[in-house]
Amino acid sequence: MKECTILVTGGAGYIGSHTVIELLNNNCQVIIVDDLSNSNKKVLDRIEKITGVHPIFYPISICDKDALSLIFTTHKINAVIHFAAFKAVGESVQKPLDYYKNNVSGCLLLLQIMQEYSVKTIVFSSSATVYGQPKEVPVKENSKISPQSPYGFTKMMIEQILTDIYHADKSWNIAILRYFNPVGAHRSGLIGENPNGIPNNLMPYIAQVATGKLDYLQIFGNDYITKDGTGVRDYIHVVDLAIGHIKALKYFDFKSKVGQMITLNLGTGIGCSVLDVVKTFEKASGKSIPYKILPRRSGDVAEYYADATLAKQVLGFQTRFNLDDMCCDTWRWQINNPEGY
Ligand code: UFG
(Lines give C-alpha, C1' and ligand atoms only; values in the text may rest on other atoms or scores of the structure.)
Protein backbone atom coordinates (compact mmCIF):
# COMPACT_ATOMS: atom_id res chain seq x y z
CA MET A 1 0.00 0.00 0.00
CA LYS A 2 3.09 2.24 0.16
CA GLU A 3 2.96 5.23 -2.17
CA CYS A 4 -0.76 4.73 -2.78
CA THR A 5 -2.93 7.83 -2.71
CA ILE A 6 -6.46 7.11 -1.59
CA LEU A 7 -9.34 9.54 -1.86
CA VAL A 8 -11.79 9.01 1.00
CA THR A 9 -15.17 10.65 0.54
CA GLY A 10 -16.92 11.15 3.86
CA GLY A 11 -13.54 10.66 5.52
CA ALA A 12 -14.41 12.90 8.49
CA GLY A 13 -17.42 10.76 9.39
CA TYR A 14 -17.68 7.88 11.83
CA ILE A 15 -16.57 4.94 9.68
CA GLY A 16 -14.58 7.16 7.32
CA SER A 17 -12.35 8.59 10.06
CA HIS A 18 -11.54 5.15 11.47
CA THR A 19 -10.69 3.95 7.95
CA VAL A 20 -8.43 6.97 7.37
CA ILE A 21 -6.43 5.97 10.46
CA GLU A 22 -5.96 2.42 9.16
CA LEU A 23 -4.91 3.78 5.74
CA LEU A 24 -2.33 6.05 7.38
CA ASN A 25 -1.13 3.09 9.49
CA ASN A 26 -0.55 1.35 6.15
CA ASN A 27 1.53 4.26 4.85
CA CYS A 28 -1.01 5.47 2.31
CA GLN A 29 -1.40 9.10 1.45
CA VAL A 30 -4.98 10.09 2.26
CA ILE A 31 -7.13 12.82 0.78
CA ILE A 32 -10.39 13.46 2.55
CA VAL A 33 -13.42 14.98 0.86
CA ASP A 34 -16.19 15.79 3.31
CA ASP A 35 -18.80 18.57 3.34
CA LEU A 36 -19.03 18.33 7.16
CA SER A 37 -22.83 18.02 6.97
CA ASN A 38 -22.71 15.16 9.47
CA SER A 39 -19.17 15.38 10.77
CA ASN A 40 -16.77 17.74 12.50
CA LYS A 41 -13.51 19.28 11.33
CA LYS A 42 -11.94 18.55 14.73
CA VAL A 43 -11.73 14.91 13.70
CA LEU A 44 -8.73 15.89 11.55
CA ASP A 45 -6.75 17.03 14.60
CA ARG A 46 -7.69 13.84 16.39
CA ILE A 47 -6.47 11.78 13.43
CA GLU A 48 -3.19 13.70 13.58
CA LYS A 49 -2.90 13.03 17.32
CA ILE A 50 -3.32 9.30 16.73
CA THR A 51 -1.20 8.89 13.58
CA GLY A 52 1.11 11.92 13.50
CA VAL A 53 -0.29 12.84 10.07
CA HIS A 54 -2.73 15.59 9.20
CA PRO A 55 -4.55 14.28 6.14
CA ILE A 56 -5.16 16.53 3.15
CA PHE A 57 -8.71 17.81 3.48
CA TYR A 58 -11.19 19.36 1.04
CA PRO A 59 -14.41 20.65 2.66
CA ILE A 60 -16.58 20.06 -0.41
CA SER A 61 -19.64 18.06 -1.36
CA ILE A 62 -19.36 15.15 -3.77
CA CYS A 63 -22.21 16.86 -5.65
CA ASP A 64 -19.83 19.73 -6.55
CA LYS A 65 -18.47 18.35 -9.81
CA ASP A 66 -15.99 21.14 -10.57
CA ALA A 67 -14.44 21.08 -7.12
CA LEU A 68 -14.24 17.29 -7.17
CA SER A 69 -12.65 17.28 -10.66
CA LEU A 70 -10.03 19.73 -9.46
CA ILE A 71 -8.92 17.27 -6.78
CA PHE A 72 -8.37 14.61 -9.43
CA THR A 73 -6.39 17.12 -11.49
CA THR A 74 -4.27 18.15 -8.51
CA HIS A 75 -3.48 14.69 -7.09
CA LYS A 76 -2.56 11.37 -8.66
CA ILE A 77 -5.24 9.26 -7.02
CA ASN A 78 -4.94 5.48 -7.12
CA ALA A 79 -8.25 4.47 -5.54
CA VAL A 80 -11.37 5.84 -3.90
CA ILE A 81 -13.17 4.69 -0.77
CA HIS A 82 -16.64 6.11 -0.99
CA PHE A 83 -18.46 6.75 2.30
CA ALA A 84 -20.06 10.16 1.73
CA ALA A 85 -23.82 9.66 2.01
CA PHE A 86 -26.84 10.46 4.10
CA LYS A 87 -27.55 7.49 6.37
CA ALA A 88 -30.66 7.89 8.52
CA VAL A 89 -33.30 5.34 7.55
CA GLY A 90 -36.26 7.27 9.06
CA GLU A 91 -35.16 10.59 7.55
CA SER A 92 -34.87 8.96 4.13
CA VAL A 93 -38.58 8.10 4.29
CA GLN A 94 -39.37 11.79 4.99
CA LYS A 95 -36.91 13.26 2.48
CA PRO A 96 -36.46 10.73 -0.32
CA LEU A 97 -35.38 13.32 -2.90
CA ASP A 98 -32.54 14.53 -0.69
CA TYR A 99 -31.37 10.96 -0.31
CA TYR A 100 -31.54 10.07 -4.01
CA LYS A 101 -29.84 13.32 -4.97
CA ASN A 102 -27.03 13.21 -2.45
CA ASN A 103 -26.41 9.46 -2.40
CA VAL A 104 -27.15 8.36 -5.97
CA SER A 105 -26.46 11.51 -8.02
CA GLY A 106 -23.41 12.31 -5.89
CA CYS A 107 -22.00 8.84 -6.48
CA LEU A 108 -22.71 9.08 -10.23
CA LEU A 109 -20.73 12.31 -10.44
CA LEU A 110 -17.88 10.72 -8.55
CA LEU A 111 -17.87 7.68 -10.85
CA GLN A 112 -17.94 9.87 -13.98
CA ILE A 113 -14.95 11.80 -12.76
CA MET A 114 -13.13 8.60 -11.81
CA GLN A 115 -13.71 7.28 -15.32
CA GLU A 116 -12.54 10.55 -16.86
CA TYR A 117 -9.28 10.39 -14.89
CA SER A 118 -8.90 6.60 -15.32
CA VAL A 119 -9.12 5.98 -11.60
CA LYS A 120 -10.86 2.62 -11.70
CA THR A 121 -10.63 1.25 -8.18
CA ILE A 122 -13.43 1.88 -5.71
CA VAL A 123 -14.48 0.46 -2.37
CA PHE A 124 -18.13 1.26 -1.79
CA SER A 125 -19.78 1.57 1.58
CA SER A 126 -22.98 -0.46 1.26
CA SER A 127 -25.18 -1.83 4.00
CA ALA A 128 -26.91 -4.98 5.15
CA THR A 129 -30.03 -2.84 4.88
CA VAL A 130 -30.14 -3.92 1.19
CA TYR A 131 -31.38 -7.34 2.36
CA GLY A 132 -34.52 -5.87 3.94
CA GLN A 133 -36.41 -8.60 5.83
CA PRO A 134 -34.08 -11.56 5.31
CA LYS A 135 -35.75 -14.93 4.68
CA GLU A 136 -33.12 -16.77 6.69
CA VAL A 137 -30.15 -16.08 8.93
CA PRO A 138 -27.21 -15.96 8.74
CA VAL A 139 -27.59 -13.73 5.69
CA LYS A 140 -25.46 -14.69 2.70
CA GLU A 141 -24.36 -12.32 -0.05
CA ASN A 142 -26.56 -14.12 -2.58
CA SER A 143 -29.69 -13.64 -0.44
CA LYS A 144 -32.53 -11.74 -2.03
CA ILE A 145 -32.03 -7.97 -2.16
CA SER A 146 -35.14 -6.14 -1.00
CA PRO A 147 -34.55 -2.78 0.70
CA GLN A 148 -37.35 -1.29 2.82
CA SER A 149 -36.49 2.42 2.76
CA PRO A 150 -35.26 5.08 0.32
CA TYR A 151 -31.90 4.90 2.12
CA GLY A 152 -31.73 1.17 1.41
CA PHE A 153 -32.74 1.77 -2.21
CA THR A 154 -29.92 4.29 -2.67
CA LYS A 155 -27.45 1.59 -1.60
CA MET A 156 -29.09 -0.97 -3.88
CA MET A 157 -29.06 1.40 -6.85
CA ILE A 158 -25.41 2.23 -6.45
CA GLU A 159 -24.58 -1.47 -6.19
CA GLN A 160 -26.41 -1.93 -9.52
CA ILE A 161 -24.60 1.00 -11.14
CA LEU A 162 -21.25 -0.43 -10.04
CA THR A 163 -22.19 -3.88 -11.35
CA ASP A 164 -23.10 -2.41 -14.74
CA ILE A 165 -19.87 -0.40 -14.89
CA TYR A 166 -17.88 -3.56 -14.22
CA HIS A 167 -19.76 -5.52 -16.87
CA ALA A 168 -19.04 -2.77 -19.41
CA ASP A 169 -15.35 -2.44 -18.50
CA LYS A 170 -13.60 -5.28 -16.71
CA SER A 171 -10.56 -3.17 -15.91
CA TRP A 172 -12.43 -1.68 -12.94
CA ASN A 173 -11.72 -2.95 -9.43
CA ILE A 174 -14.91 -2.73 -7.38
CA ALA A 175 -15.54 -3.83 -3.81
CA ILE A 176 -19.05 -3.56 -2.43
CA LEU A 177 -18.94 -3.96 1.34
CA ARG A 178 -22.24 -4.57 3.11
CA TYR A 179 -21.87 -3.51 6.71
CA PHE A 180 -23.93 -4.98 9.49
CA ASN A 181 -24.17 -2.79 12.63
CA PRO A 182 -21.00 -0.73 13.15
CA VAL A 183 -20.39 0.31 16.77
CA GLY A 184 -17.46 1.05 19.09
CA ALA A 185 -14.73 3.64 18.78
CA HIS A 186 -10.98 3.92 18.37
CA ARG A 187 -9.15 2.56 21.43
CA SER A 188 -7.52 5.96 22.03
CA GLY A 189 -10.94 7.40 22.92
CA LEU A 190 -10.16 10.27 20.55
CA ILE A 191 -12.54 9.45 17.72
CA GLY A 192 -15.95 7.82 17.78
CA GLU A 193 -19.57 8.14 16.75
CA ASN A 194 -20.91 11.66 17.12
CA PRO A 195 -24.63 11.67 16.32
CA ASN A 196 -26.49 14.94 15.85
CA GLY A 197 -29.20 15.32 18.50
CA ILE A 198 -30.84 12.29 20.09
CA PRO A 199 -29.25 9.12 18.71
CA ASN A 200 -31.38 6.79 16.54
CA ASN A 201 -29.13 3.79 17.00
CA LEU A 202 -28.85 1.51 19.99
CA MET A 203 -25.22 1.83 21.07
CA PRO A 204 -24.91 5.65 21.10
CA TYR A 205 -28.29 5.84 22.84
CA ILE A 206 -27.16 3.44 25.59
CA ALA A 207 -23.92 5.40 25.97
CA GLN A 208 -25.88 8.60 26.62
CA VAL A 209 -28.12 6.81 29.14
CA ALA A 210 -24.97 5.63 30.93
CA THR A 211 -23.69 9.20 31.32
CA GLY A 212 -27.12 10.39 32.51
CA LYS A 213 -27.65 12.61 29.46
CA LEU A 214 -30.72 10.51 28.59
CA ASP A 215 -32.97 9.11 31.32
CA TYR A 216 -33.59 5.59 30.09
CA LEU A 217 -33.34 3.35 27.06
CA GLN A 218 -36.49 2.61 25.11
CA ILE A 219 -36.39 -1.00 23.99
CA PHE A 220 -38.49 -1.35 20.88
CA GLY A 221 -40.28 -4.66 21.42
CA ASN A 222 -39.62 -7.71 23.59
CA ASP A 223 -42.02 -10.03 21.80
CA TYR A 224 -39.91 -11.01 18.82
CA ILE A 225 -39.20 -14.67 18.26
CA THR A 226 -35.61 -14.33 19.41
CA LYS A 227 -33.70 -15.72 22.40
CA ASP A 228 -35.01 -13.05 24.82
CA GLY A 229 -37.71 -11.39 22.73
CA THR A 230 -35.64 -8.32 21.79
CA GLY A 231 -34.17 -7.58 18.34
CA VAL A 232 -30.99 -9.39 17.34
CA ARG A 233 -28.25 -7.76 15.25
CA ASP A 234 -24.67 -8.37 14.18
CA TYR A 235 -22.64 -5.62 15.88
CA ILE A 236 -19.19 -5.12 14.38
CA HIS A 237 -16.41 -2.99 15.88
CA VAL A 238 -15.77 0.05 13.67
CA VAL A 239 -12.00 -0.65 13.72
CA ASP A 240 -12.59 -4.18 12.40
CA LEU A 241 -14.83 -2.67 9.76
CA ALA A 242 -12.15 -0.12 8.81
CA ILE A 243 -9.60 -2.93 8.44
CA GLY A 244 -12.02 -4.68 6.07
CA HIS A 245 -11.60 -1.72 3.68
CA ILE A 246 -7.80 -1.99 3.77
CA LYS A 247 -8.04 -5.71 3.03
CA ALA A 248 -10.36 -4.99 0.10
CA LEU A 249 -7.85 -2.50 -1.36
CA LYS A 250 -4.98 -4.93 -0.84
CA TYR A 251 -6.96 -7.61 -2.64
CA PHE A 252 -6.79 -5.60 -5.84
CA ASP A 253 -3.70 -5.87 -7.95
CA PHE A 254 -3.14 -2.31 -9.08
CA LYS A 255 -0.58 -3.36 -11.68
CA SER A 256 -2.89 -5.74 -13.53
CA LYS A 257 -4.96 -4.57 -16.47
CA VAL A 258 -7.72 -6.95 -15.44
CA GLY A 259 -10.00 -5.77 -12.66
CA GLN A 260 -12.17 -7.64 -10.19
CA MET A 261 -15.51 -7.12 -8.54
CA ILE A 262 -16.40 -8.46 -5.10
CA THR A 263 -19.49 -8.08 -2.94
CA LEU A 264 -18.99 -9.02 0.69
CA ASN A 265 -20.75 -8.91 4.03
CA LEU A 266 -18.74 -7.32 6.81
CA GLY A 267 -20.04 -8.64 10.11
CA THR A 268 -18.94 -10.94 12.92
CA GLY A 269 -21.46 -13.67 12.12
CA ILE A 270 -22.73 -13.43 15.70
CA GLY A 271 -26.20 -12.19 16.64
CA CYS A 272 -26.59 -10.19 19.87
CA SER A 273 -29.92 -9.09 21.36
CA VAL A 274 -30.71 -5.62 22.67
CA LEU A 275 -30.57 -7.05 26.20
CA ASP A 276 -27.14 -8.62 25.51
CA VAL A 277 -25.89 -5.15 24.56
CA VAL A 278 -27.47 -3.57 27.65
CA LYS A 279 -25.88 -6.12 30.00
CA THR A 280 -22.47 -5.94 28.33
CA PHE A 281 -22.51 -2.14 28.42
CA GLU A 282 -23.41 -2.17 32.13
CA LYS A 283 -20.40 -4.39 32.78
CA ALA A 284 -18.09 -2.21 30.66
CA SER A 285 -19.19 1.08 32.19
CA GLY A 286 -20.05 0.06 35.74
CA LYS A 287 -23.29 2.05 35.26
CA SER A 288 -26.80 0.71 35.31
CA ILE A 289 -28.85 1.23 32.14
CA PRO A 290 -32.52 1.74 33.05
CA TYR A 291 -34.91 0.77 30.28
CA LYS A 292 -38.58 0.62 29.38
CA ILE A 293 -40.18 -1.77 26.94
CA LEU A 294 -42.04 -0.01 24.14
CA PRO A 295 -43.92 -1.37 21.13
CA ARG A 296 -41.87 -2.56 18.15
CA ARG A 297 -40.33 0.16 15.98
CA SER A 298 -41.89 0.21 12.54
CA GLY A 299 -39.68 -1.32 9.85
CA ASP A 300 -37.51 -3.26 12.34
CA VAL A 301 -36.52 -6.85 11.62
CA ALA A 302 -36.53 -9.45 14.44
CA GLU A 303 -33.14 -10.91 13.77
CA TYR A 304 -30.31 -10.70 11.32
CA TYR A 305 -26.64 -11.42 11.34
CA ALA A 306 -24.07 -12.02 8.65
CA ASP A 307 -22.79 -15.14 7.09
CA ALA A 308 -19.21 -13.89 7.32
CA THR A 309 -17.52 -16.78 5.54
CA LEU A 310 -17.08 -15.19 2.11
CA ALA A 311 -15.13 -12.16 3.41
CA LYS A 312 -12.89 -14.60 5.28
CA GLN A 313 -12.34 -16.76 2.18
CA VAL A 314 -11.78 -13.88 -0.24
CA LEU A 315 -10.00 -11.30 1.91
CA GLY A 316 -8.86 -13.31 4.93
CA PHE A 317 -11.04 -10.90 6.90
CA GLN A 318 -11.82 -11.90 10.47
CA THR A 319 -13.06 -9.64 13.22
CA ARG A 320 -10.83 -9.26 16.29
CA PHE A 321 -13.09 -7.41 18.68
CA ASN A 322 -16.04 -8.81 20.64
CA LEU A 323 -19.06 -7.13 22.22
CA ASP A 324 -17.09 -6.39 25.44
CA ASP A 325 -14.50 -4.49 23.39
CA MET A 326 -17.22 -2.64 21.47
CA CYS A 327 -18.89 -1.50 24.72
CA CYS A 328 -15.61 -0.62 26.51
CA ASP A 329 -14.40 1.44 23.56
CA THR A 330 -17.75 3.21 23.12
CA TRP A 331 -17.74 4.04 26.83
CA ARG A 332 -14.17 5.42 26.75
CA TRP A 333 -15.08 7.66 23.80
CA GLN A 334 -18.30 8.77 25.49
CA ILE A 335 -16.77 9.73 28.84
CA ASN A 336 -13.82 11.49 27.19
CA ASN A 337 -16.15 13.41 24.85
CA PRO A 338 -19.52 13.79 26.58
CA GLU A 339 -20.53 16.54 24.14
CA GLY A 340 -18.96 14.89 21.09
CA TYR A 341 -16.13 16.67 19.28
N1 UFG B 1 -33.17 -0.33 19.48
C2 UFG B 1 -33.84 -0.10 20.66
N3 UFG B 1 -33.84 1.16 21.17
C4 UFG B 1 -33.21 2.19 20.56
C5 UFG B 1 -32.53 1.96 19.35
C6 UFG B 1 -32.53 0.67 18.82
O7 UFG B 1 -34.43 -1.03 21.23
O8 UFG B 1 -33.26 3.31 21.08
C9 UFG B 1 -33.12 -1.70 18.94
C10 UFG B 1 -33.77 -1.84 17.57
O11 UFG B 1 -35.14 -2.10 17.69
C12 UFG B 1 -32.97 -3.00 16.96
C13 UFG B 1 -31.58 -2.84 17.59
O14 UFG B 1 -31.77 -2.05 18.74
O15 UFG B 1 -33.50 -4.23 17.41
C16 UFG B 1 -30.58 -2.15 16.68
O17 UFG B 1 -31.14 -0.93 16.23
P18 UFG B 1 -30.23 0.20 15.53
O19 UFG B 1 -31.11 1.39 15.30
O20 UFG B 1 -28.99 0.43 16.31
O21 UFG B 1 -29.78 -0.46 14.16
P22 UFG B 1 -30.64 -1.06 12.95
O23 UFG B 1 -30.32 -2.52 12.89
O24 UFG B 1 -32.05 -0.66 13.02
O25 UFG B 1 -30.04 -0.30 11.68
C26 UFG B 1 -28.64 -0.16 11.47
C27 UFG B 1 -28.37 1.20 10.85
C28 UFG B 1 -28.87 1.25 9.44
C29 UFG B 1 -28.34 0.13 8.65
C30 UFG B 1 -28.60 -1.17 9.32
C31 UFG B 1 -27.83 -2.18 8.52
O32 UFG B 1 -28.98 2.22 11.59
O33 UFG B 1 -28.43 2.44 8.83
O34 UFG B 1 -28.16 -1.17 10.68
O35 UFG B 1 -27.76 -3.38 9.07
F36 UFG B 1 -28.91 0.14 7.44
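Order of listing sets the numbers, starting from 1, for every ligand and every atom in it.
Residue contacts with ligand 1: Y205 is placed with no nitrogen or oxygen under 3.5 Å of a nitrogen or oxygen of the ligand (distance criterion only). Not one N or O of V232 is nearer than 3.5 Å to an N or O of ligand 1, by distance alone. The shortest N or O to N or O distance between M203 and ligand 1 is not below 3.5 Å. Checking only distances, S127 never comes within under 3.5 Å of ligand 1, N or O to N or O.
Contact between P182 and I15 at its shortest, heavy atoms only, is CG-CD1, 3.8 Å. Pairing each heavy atom of A248 with each of A175, the nearest pair is CB-CB, 4.0 Å. Here the closest heavy-atom approach between residue I158 and residue C107 is recorded as CG2-SG, 3.5 Å.
Closest protein heavy atom to atom 35 (O) of ligand 1: Y304 OH, 2.4 Å. The protein non-hydrogen atom at the shortest distance from atom 9 (C) of ligand 1 is V274 CG2, 3.7 Å. From the protein, the heavy atom lying nearest to atom 5 (C) of ligand 1 is N200 O, 3.5 Å. The protein non-hydrogen atom at the shortest distance from atom 7 (O) of ligand 1 is F220 N, 3.0 Å. Closest protein heavy atom to atom 15 (O) of ligand 1: G231 CA, 3.5 Å. Counting protein heavy atoms only, atom 12 (C) of ligand 1 is closest to R233 NH2, 3.7 Å. Of the protein's non-hydrogen atoms, the one nearest atom 11 (O) of ligand 1 is D300 OD2, 2.5 Å. In this structure, the protein non-hydrogen atom closest to atom 19 (O) of ligand 1 is R297 NH2, 2.8 Å.
In this structure, W331 and T211 have side chains that are in contact, with non-hydrogen atoms separated by less than 4.5 Å.
Using a 4.0 Å cut-off between heavy atoms, K87 contacts ligand 1 through its backbone alone, with no side-chain atom that close. Both the backbone and the side chain of L202 come within 4.0 Å of ligand 1, judged by heavy-atom distances. Under 4.0 angstrom from ligand 1, the non-hydrogen atoms of N201 come from both its backbone and its side chain.
Checked options D329, T319, L323, V183; the residue passing with H237 is D329 (criterion: side-chain contact (heavy atoms from CB on, under 4.5 Å)).
Using 4.0 Å as the threshold, Y235 has a heavy atom nearer than that to some atom of ligand 1.
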Start with the C-alpha distance between Q29 and I56, add both sets of side-chain angles, then the distance that settles side chain to side chain contact (heavy atoms under 4.5 Å, CB included), and finish with yes or no. CA-CA 8 Å; Q29 186 178 37; I56 301 166; 3.5 Å; yes

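A salt bridge (Lys or Arg N to Asp or Glu O under 4.0 Å) check over residues 268-293, counting only residues at least two apart or in different chains, returns the pairs K227-D276, K283-D324.
Atoms CD1 and CD, from I262 and E141 in turn, are 10.0 Å apart once rounded to the nearest 0.5 Å.
No path of Ile, Leu, Val, Met, Phe, Trp and Tyr side chains, each step under 4.5 Å between heavy atoms, connects F72 with F57, placing them in separate hydrophobic clusters.
Each of the atoms 2 (C), 3 (N), 4 (C), 7 (O), 8 (O) of ligand 1 lies under 4.0 Å from some heavy atom of Q218. Atoms of ligand 1 lying under 4.0 Å from at least one heavy atom of A128, given by number and element, are 35 (O).
We find that R296 and D223 are joined by a salt bridge, their nearest charged nitrogen and carboxylate oxygen being less than 4.0 Å apart. Under the 4.0 Å criterion applied to side-chain N and carboxylate O atoms, K213 and E339 are assigned as salt-bridge partners.
Among N181, T129, I236, the residue whose heavy atom sits closest to atom 22 (P) of ligand 1 is N181.
For CD of E116, the number of neighbouring non-hydrogen atoms (other residues, nucleotides, ligands) closer than 6.0 Å is greater than 12.
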